Amino acid sequence: MAFFKDFKAFLMKGDIINLATAVIVGGAFGKIVTSFTNDILMPPIGMLLGDVNFTDLKLVLKEATTNAAGEAIPAVTINYGSFIQVIIDFIIIGFCIFMVLKAYEKTKKKEEEAPAPPAGPTQEELLAEIRDLLKK
C-alpha cells in the first residue's frame, strides 16, 4: 500500500502535472505547425517552383511492376519532398521554442536583478553601537 501512496503523491506533484500539460500542448502545437506547413506554407512555395506538390517529390529507385500472377508490386522511392516538409516543421517548432525560452530567460534575469531587501545591521555595527552606549 505504501507504494501506491508514494506513487499517488508523485503524480500529484506540480511538476508532473506541468510536464503532462506541456506534452499535451506540445503535441497539439506540432499538429498546428504540420498543418501550417502542409496547407499554407508549402503550396505557394510549390507554385513558385512551377506547380510542384512537395509531397509528390520523390526519387524512383525501382518502377512499379506487376508479377506473373498479376499482382502489383509498388515502386521503391525516396520521398524527399515529405522529408523537406518535416524539416520545415522542425525549424518552425524549434524557432517557437527558442522564442519561448528567450522570453523565459528574460523573466529570470529580472528576478535575479531585483535588489535584495536591505539586511539588518551587521554584527560589527551592533557591537559598535553597544560599545557607544556603554561609553555614555
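Predicted model, so just to flag it, every value in this text is computed and none were measured.
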Q | Shortest non-hydrogen separation from Thr66 to Ala72 and the atoms involved | A | CG2-CA, 4.0 Å

Q | Distance in Å, Thr77 OG1 paired with Leu61 CG, rounded so as to fall on 0.5 Å steps | A | 7.5 Å

Q. Does one hydrophobic cluster hold both Ile45 and Tyr80, with members joined at side-chain heavy-atom distances below 4.5 Å?
A. yes

Q | Interatomic distance, Asp56 atom CG to Ser82 atom OG [nearest 0.5 angstrom] | A | 8.5 Å

Q. When you measure from the side chain of Ser35 to the backbone N and O of Lys31, does any donor-acceptor pair fall under 3.5 Å?
A. no

Q: Please check if Phe90 and Ile84 belong to a single hydrophobic cluster, counting links between Ile, Leu, Val, Met, Phe, Trp and Tyr side chain heavy atoms closer than 4.5 Å.
A: no

Q. What is the distance from atom CG of Asp132 to atom CG of Leu127, rounded to the nearest 0.5 Å?
A. 11.0 Å

Q: To the nearest 0.5 Å, tell me how far Ile92 CD1 sits from Thr37 OG1.
A: 3.5 Å

Q) Are Ile40 and Ile93 in one and the same hydrophobic cluster, where Ile, Leu, Val, Met, Phe, Trp and Tyr link if side-chain heavy atoms are under 4.5 Å apart? A) yes

Q | hydrophobic_cluster_shared for Met42 and Ile91, side chain cutoff 4.5 Å | A | no

Q: Take Phe83 and Ile87, measure what side-chain contact (heavy atoms from CB on, under 4.5 Å) needs, and give me the verdict at the end.
A: CA-CA 6 Å; Phe83 183 69; Ile87 289 173; 3.1 Å; yes

Q) After noting the C-alpha distance and the side-chain angles of Gln85 and Asp89, does the key distance pass the side-chain contact (heavy atoms from CB on, under 4.5 Å) rule? A) CA-CA 6 Å; Gln85 284 189 330; Asp89 286 351; 5.5 Å; no

(Q) Heavy-atom count check: over 12 atoms from other residues, nucleotides or ligands less than 6.0 Å from Glu125 CD? (A) yes

Q. Could you give the distance from CG (Leu134) to CZ (Arg131), rounded to the nearest 0.5 Å?
A. 10.0 Å

Q. How many angstroms lie between atom OG1 of Thr65 and atom CD of Glu71, to the nearest 0.5 angstrom?
A. 11.0 Å

**Q.** Same apolar cluster: Val76 and Ile73, side chain cutoff 4.5 Å
**A.** no

